[in-house]
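If you read the sequence from its start, that first residue is 1, and numbering goes on from there. All values reported here derive from a predicted model rather than from experimental measurement.
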Amino acid sequence: MGTGGFSTARLGRMHDVMARHVEQGEAPGLITALSRRGETHVDVLGTKAVGTEDAMRRDTIFRIASMTKPVIAAATMILVEECVLRLDDPVDRLLPELADRRVLRRIDGPLEDTVAAVRPITVRDLLTFRLGFGLLTAPEDTYPVARAAQELGVGVGMPDPTEAPDPDEWLRRLGTLPLMHQPGEKWLYHTGSQVLGVLIARATGRPLEAFLRERIFEPLGMTDTGFHVPREKLGRLATSYLADPETGKLEPYDGAEDSRWAAPPAFPDGGGGLVSTVDDYLAFGRMLLDRGRCGDGGRVLSRPSVELMTTDQLTPAQKAVSGLLPGAWSNVGWGFGVSVVTGRDGVAAVPGRFGWDGGLGTSWASDPEEEMVAVLLTQRAQFPAFSPVYLDFWTLAYQAIDD
C-alpha cells in the first residue's frame, strides 16, 4: 500500500481489466488516472488510432466534449466572486437577445403558439440548466422547436467546432426561437453552458479562451487545454471514433492531422468544445477537490463557491419532470456544471462525489469523502450508462482503495 491508500495488487487488477477492454476492441487505447492524498497513478494503454503502432502517450490530447461544462461553470463563479455577475440577476443586460422570452404553450406545438415567460433567465438558470432550452431526448423531428434549432445551428448535437457561427450570430439565432419550458421549471441539458460561454466573453470584454487561459488554465498549468489543437501538437491528438450501432465497428469521427479541432473555432463552445490531456484535467479536478486552491498555494475559487457548485441544486419538483434517462435522479443531483452523487447505490457512488462525462469517450469525478480524483480518457464515443469501459473503470477505481 502506498501513501495514497491504494492497494498495489488492486491497481494491477485495474490495469488488467482495462487492458482487456483495449485488446477486445472496446477502444483503440485509453488512459486512466487516480490521484489520492498526494499519490497519482496514471496507466496508458493501446494506440492513438485503430490499426496503427502509434502508441497512446501520457500527453496524448483528447476531445473532452461535455467535460468542458465544469470548466465553464468554474469560470462563471470567478466572475460571480468578483461581482461582475450575480447569480440571480437577469442575463438581459449582457445578453439582450434573450430578453422578453416567449415560451411554447406545448413542447410539441408550433413555434408561434407561445405565452410570455413568467420571469427573465438568470445566471443561476444557465448554471443549473434551468433556462428553459436544451436537449430533448426524442428524435428531433418529433418537436418543431428541436427541428428549428438544428436548422439554425443552435441545436444539441455532436461536438463540431467547424459548424457554429461566431458567438454573436449564434446567440442571435437562439434568440429567434421560443423557450421549450418556462425558466426555472425543468432541467434541460447542454445549452446553458453554451450561453454561459457567450456571457463570460461579454462580461469580461475578452474572448472566452483568453479568460479561461488567464484565470484557470495558466494558474493550474493546463498547457494543453483549449478550443483547438495548435499545428505543432496535432501529432499528439488521438483519432476520435463512433461505434456503428448495428455492428459495433469503430468508424472515424475526427482525425488528427485533418481534425476539425486543428483551427481556432468561430464559436468557442462552452458546452463541449475543449481538448485536454490527463494531467491537465487532473489539475482541474484536484483544484475543485482542494476547494479552489492551486498546487502552488494560489486560488482559482473560494471554498464556499466550490461547495455551492458541487451541491445538488435541483428541487424534487424539477427532478420529477426532468432527466436524460428514467430514474436519472434517484441517487444523483446537479450542481453548477457537474453532477453530484446523493445516494449510495454502487461501489463508486459515494455521496458528495461530483464530476461529469464527455460523450466522445471521457469521464471525471472528484470525491471529497475519499479525497480522490479519477479521470478516464478514451477516443471512442460511448454513453456512460451502457459502456463496459466506463462502468468497469469506476468500479476498479474504488475497489483499489486500501485504508
inquiry  = Using only atom types and a distance under 3.5 Å, with no angle test, would you say the side chain of Trp334 pairs donor to acceptor with the backbone of Trp329?
reply    = no
inquiry  = Which heavy atom of Ala65 sits nearest to which heavy atom of Gly359, and what is that distance?
reply    = CB-N, 3.8 Å
ask   = Please walk me through it: do Phe284 and Tyr281 pass ring-ring contact (aromatic ring centres under 6.0 Å, His included)?
value = CA-CA 5 Å; Phe284 179 74; Tyr281 216 89; 5.4 Å; yes
query = When you check the side-chain N and O atoms of Ser66 and Tyr189, is any donor under 3.5 Å from an acceptor?
reply = yes
key: Other residues, nucleotides, ligands: >12 heavy atoms within 6.0 Å of Arg119 CZ   = yes
request  = Can you measure from OG1 (Thr122) to CG (Leu131) and round to the nearest 0.5 angstrom?
outcome  = 9.0 Å
inquiry  = So that I can tick it off, tell me whether Arg36 and Glu39 are bridged by a salt bridge, with the cut-off set at under 4.0 angstrom between side-chain N and carboxylate O.
reply    = no
ask   = Per the side-chain contact (heavy atoms from CB on, under 4.5 Å) rule, which among Asp280, Thr223, Leu274 passes with Phe217?
value = Leu274
Atom of Pro28, atom of Val22 and distance for their closest heavy-atom approach = O-CG1, 3.4 Å
key: Glu371 side chain to Gly38 backbone, donor-acceptor under 3.5 Å   = no
ask   = Are the charged groups of Asp402 and Arg10 less than 4.0 angstrom apart, N to O?
value = no
request  = Could you tell me whether Glu53 and Lys48 have a side-chain N and a carboxylate O separated by less than 4.0 Å?
outcome  = no
message = Has Asp254 got a side-chain atom pairing as donor or acceptor with Ser240's backbone, closer than 3.5 angstrom?
response = no
inquiry  = Can you tell me if Asp296 has over 12 outside heavy atoms packed within less than 6.0 Å of its CG?
reply    = yes
query = Would you say the side chain of Leu127 lies within less than 4.5 Å of the side chain of Met77, judging by non-hydrogen atoms?
reply = yes
request  = Would you give the length of the straight line joining atom CG of Asp279 to atom CG of Asp59, rounded to the nearest 0.5 angstrom?
outcome  = 8.5 Å
remark   = Sorted by chain and number, sequence neighbours left out, side-chain contact (heavy atoms from CB on, under 4.5 Å) with Val332 holds for Ser339
key: Closest approach of Met309 to Pro70 (non-hydrogen atoms, all atoms of both residues)   = CE-O, 4.1 Å
inquiry  = Just so I know, are the side chains of Tyr143 and Met180 near enough to count as touching, which here means a heavy-atom distance under 4.5 Å?
reply    = no
message = Within the structure provided, determine whether Val278 and Arg58 are in side-chain contact (heavy-atom separation under 4.5 Å).
response = yes
inquiry  = Nearest 0.5 angstrom please: Leu242 CG to Gln382 CD, how far?
reply    = 11.0 Å
request  = Answer yes or no: is there an ion pair linking Arg124 with Asp88, defined by an N-O contact shorter than 4.0 Å?
outcome  = yes
Beyond-backbone contact of Leu79 with Val123, side-chain heavy atoms, under 4.5 angstrom = no
task = Work out which heavy atom in Asp224 is nearest to a heavy atom in Arg236; give both atom names and the distance.
result = OD2-NH2, 2.5 Å
query = Is a side-chain donor or acceptor of Arg173 paired with a backbone partner of Ala149 at a separation under 3.5 angstrom?
reply = no
inquiry  = Between Thr342 (side chain only) and Asn331 (backbone N and O only), is there a donor and an acceptor less than 3.5 Å apart?
reply    = yes
ask   = Taking side chain as C-beta onward, heavy atoms only, is Gln379 less than 4.5 Å from Met56?
value = yes
query = Rounded to the nearest 0.5 Å, how far apart are OG of Ser259 and CD1 of Ile61?
reply = 10.0 Å
request  = Check whether NZ of the Lys or CZ of the Arg Arg37 lies under 6.0 Å from the centre of the six-membered ring of Phe6 and within 45 degrees of that ring's axis.
outcome  = no
key: Thr40 side chain to Arg286 side chain, donor-acceptor N/O pair below 3.5 angstrom   = yes
task = Carefully, step by step, assess Arg172 and Glu169 under the rule salt bridge (charged side-chain N to carboxylate O under 4.0 Å, His left out).
result = CA-CA 5 Å; Arg172 185 197 69 76; Glu169 173 60 15; 2.9 Å; yes
Shortest non-hydrogen contact between Gly270 and Ile72, atoms and distance = O-CG1, 3.3 Å
query = Is there side-chain contact between Pro388 and Glu26, with heavy atoms separated by less than 4.5 Å?
reply = yes
key: Donor-acceptor side-chain pairing of Asp43 and Thr32 below 3.5 angstrom   = no
query = Are the side chain of Arg101 and the backbone of Ala117 linked by a donor-acceptor contact shorter than 3.5 Å?
reply = no
message = If you count heavy atoms of other groups shown closer than 6.0 angstrom to CZ of Arg291, is the number above 12?
response = no
request  = Spell out, as yes or no, whether a donor-acceptor pair under 3.5 Å connects the side chain of Gln313 to the backbone of Thr311.
outcome  = yes
query = Does any N or O in the side chain of Gln318 come within less than 3.5 Å of the main-chain N or O of Thr315, such that one atom is a donor and the other an acceptor?
reply = yes
key: Pro183 vs Pro120 side-chain heavy atoms within contact, under 4.5 Å   = no
message = Do Leu174 and Thr191 make a side-chain contact, defined as non-hydrogen atoms from C-beta onward lying under 4.5 Å apart?
response = yes
task = Using the side-chain contact (heavy atoms from CB on, under 4.5 Å) rule, take Ile216 and Ile78 through it: C-alpha gap first, then chi angles, then the decisive distance, then the call.
result = CA-CA 9 Å; Ile216 297 177; Ile78 290 170; 3.9 Å; yes
request  = Assess whether side chain to side chain donor-acceptor pair (under 3.5 Å) is satisfied between Ser363 and Trp394, documenting all intermediate values.
outcome  = CA-CA 9 Å; Ser363 189; Trp394 287 108; 3.1 Å; yes
query = Is there a donor-acceptor pair under 3.5 Å between the side chain of Glu185 and the backbone N or O of Gly132?
reply = no
inquiry  = Under a 3.5 Å cutoff, is there a donor and acceptor pairing between the side chains of Thr204 and Arg206?
reply    = no
query = Looking at CZ of Phe62 and OG1 of Thr378, how far apart are the two atoms once the value is rounded to the nearest 0.5 Å?
reply = 7.0 Å
request  = Would you tell me whether Asp392 and Thr395 have side-chain atoms, one donor and one acceptor, within less than 3.5 Å of each other?
outcome  = no
key: side-chain contact (heavy atoms from CB on, under 4.5 Å) between Thr225 and Val71, intermediate numbers included   = CA-CA 11 Å; Thr225 303; Val71 177; over 6 Å; no
Distance, nearest 0.5 Å, that separates CG of Leu95 from CG of Asp168 = 10.0 Å
remark   = Sequence neighbours excluded, the answer for side-chain contact (heavy atoms from CB on, under 4.5 Å) partners of Pro207 is Ala210
message = Determine whether Val154 and Gln194 satisfy the following criterion, side-chain contact (heavy atoms from CB on, under 4.5 Å), listing intermediate values before the conclusion.
response = CA-CA 9 Å; Val154 295; Gln194 296 180 298; over 6 Å; no
Chi angles and distances behind the side-chain contact (heavy atoms from CB on, under 4.5 Å) call for Thr277, Lys233 = CA-CA 12 Å; Thr277 62; Lys233 295 183 180 181; over 6 Å; no
ask   = Any donor-acceptor pair under 3.5 Å linking the side chain of Gln182 with the backbone of Val118?
value = yes
task = Can you see which heavy atom on Trp364 is nearest to which on Leu288, and at what distance?
result = CH2-CD1, 3.8 Å
Within residues 67-87 or reaching into it, pairs that qualify as salt bridge (charged side-chain N to carboxylate O under 4.0 Å, His left out) - sequence neighbours excluded = Glu82-Arg215, Arg86-Asp89
